[in-house]
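Quick notes on the structure that follows.
Order of the sequence lines fixes the chain letters, A, B, ..., with proteins taken first and strands second; residue numbering starts at 1 for each chain. The shown structure was predicted, so the numbers you read here are calculated from the model rather than taken from an experiment.
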There are 2 protein chains.
Amino acid sequence: MMLDAETKALEEPSAHEAEVRLWLRLLTCANLIEGEIRSKLRERFDITLPRFDLMAQLDRAPEGMTLSDVSRRMMVSNGNVTHIVDKLLASGDLDRRTAEHDRRVQVISLTSKGRAEFRAMAAEHADWLARLFAGLGETDINDLMRLLAKAKASVRAGLAEETAR
Amino acid sequence: MMLDAETKALEEPSAHEAEVRLWLRLLTCANLIEGEIRSKLRERFDITLPRFDLMAQLDRAPEGMTLSDVSRRMMVSNGNVTHIVDKLLASGDLDRRTAEHDRRVQVISLTSKGRAEFRAMAAEHADWLARLFAGLGETDINDLMRLLAKAKASVRAGLAEETAR
DNA sequence: GCAAATTATTTTAGGGTTCAAATATCCTCC
DNA sequence: GGAGGATATTTGAACCCTAAAATAATTTGC
């Protein structure tokens, strides 16, 4: 018996149920943690998560990064990076200069003030995560790392398949 | 030798590194999937993810839900729910009525139009997820479900510990 | 019965986010 | 050496989001 897509959906409401439930569980975990990190960052350091993330990227790039690099690494839009950078420039945590070889390119880097602030925040940040994951053993963490890597690869493959089509 | 917290952080920059890396990997996975779902929802149905999520909650509650229920279930703020509901009311996907037993309470539910639209969207939504997770076997999915449940419990315990303190 | 505390919702202020359009600069190739 | 295409960034419009204050209605304790 052949069914069109709509009829089939009505008759098989649980199709791909496992995948949907996996996604919802993954999302719930991420949202719980993200909410806690956001509220801790605000409460302890009066900073937002995106600004913290941007400083984390720059901490690993002593020479600085271009805005496009940041945008790719953080997986956020270019316009968004411009906005976050503006705020961190205003608070004196970042330096910005135009690249000499290409005047379209803006290179940003941490000021020494920004670097010192970031290091202090990063240490606490790691402590918060350790507390949240305290219920997981070393084996659990390793297994999760492996399975999430596999999931990430699967997702990227699915995305690539689509753009190729 | 005793060290204060700051000195210790400087001398042990890799403390809790495993937990931080687990968090970053979890977040990357979630962001990749969420970005794809958002862009598909926009492209195929011109709807945002929060509106889709609200409709999903209501689809499982034929009698309707109060705004506070929705806020708790979706883990978003009350003010945000008000905003999203306004939009879905305007597009005719939701009904809203004041509860007779308590005039503070607003009960919202899907209109038949909203329900039909949601069912069509949900079927495709499940297909997108199945495609993204196509690289995972049944065992992988089961393992991930179990480990993420454990992680979720750990995070909730960590949060509870803090509020108790 | 009524003042005070509680509860449900809305409003407000301040961010963050995307996409698409606009600018500015560079590069290529004739 | 200049036109056309590519690349880096900014701007603008429309959302989403939260926390905190304000509003409205109910419940509680006396």
OP1, OP2 of [N] versus side-chain N and O of [X]: anything below 4.0 Å?
X       : N      : value
B:Thr48 : D:dC16 : yes
B:Thr82 : C:dT11 : no
A:Asn80 : C:dT18 : yes
B:Thr66 : C:dA8  : no

Which part of the nucleic acid does [X] contact within heavy-atom distance under 4.0 Å: base, sugar-phosphate only, or nothing?
X       : result
B:Val81 : nothing
B:Ser68 : sugar-phosphate
B:Arg72 : nothing

_Identified side-chain contact (heavy atoms from CB on, under 4.5 Å) counterpart of A:Ile47 within the set A:Lys87, A:Arg38, A:Met55_ =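 Looking at A:Lys87, A:Arg38, A:Met55, the match for A:Ile47 under the side-chain contact (heavy atoms from CB on, under 4.5 Å) is A:Met55.
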*asked:* If you count heavy atoms of other groups shown closer than 6.0 angstrom to CZ of A:Arg73, is the number above 12?
replied: no
*Got a donor-acceptor pair under 3.5 Å from the side chain of A:Arg104 to the base of D:dT7?*
yes
*Tell whether A:Arg103 reaches the base of C:dT25 with its side chain through a donor-acceptor pair below 3.5 angstrom.*
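Side chain to base: no pair present.
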In this structure, how many angstroms lie between the [atom2] atom of [N] and the [atom1] atom of [X], rounded?
X        : N      : atom1 : atom2 : answer
B:Ile108 : C:dA8  : CD1   : C1'   : 13 Å
B:Ile84  : C:dT10 : CD1   : P     : 12 Å
A:Arg97  : D:dA8  : CZ    : P     : 17 Å
A:Arg42  : C:dG15 : CZ    : P     : 10 Å
B:Glu43  : C:dT18 : CD    : C1'   : 15 Å
B:Asn78  : D:dA20 : CG    : C1'   : 12 Å

*Taking for each residue the nucleotide of DNA chain C with the nearest heavy atom, is it A:Arg51 or A:Glu100 whose nucleotide lies nearer the 5' end?*
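The answer here is A:Arg51.
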*For A:Met75 and for A:Asp102, find the nucleotide of DNA chain C with the closest heavy atom, then tell me which residue's nucleotide is more 5'.*
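Result: A:Met75.
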_A:Leu41 and A:Thr48: CA distance, side-chain angles, deciding distance, side-chain contact (heavy atoms from CB on, under 4.5 Å) verdict_ = CA-CA 6 Å; A:Leu41 281 176; A:Thr48 64; over 6 Å; no
*Would B:Ser77 and B:Asn80 count as having a side-chain donor-acceptor pair, cut-off 3.5 Å?*
no
*Identify whether the distance between the nearest side-chain nitrogen and carboxylate oxygen of B:Glu124 and B:Arg44 falls below 4.0 Å.*
yes
_5' priority, DNA chain D, between B:Lys87 and B:Gly79 [closest heavy atom]_ =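 Closest to the 5' end, via its nearest nucleotide, is B:Lys87.
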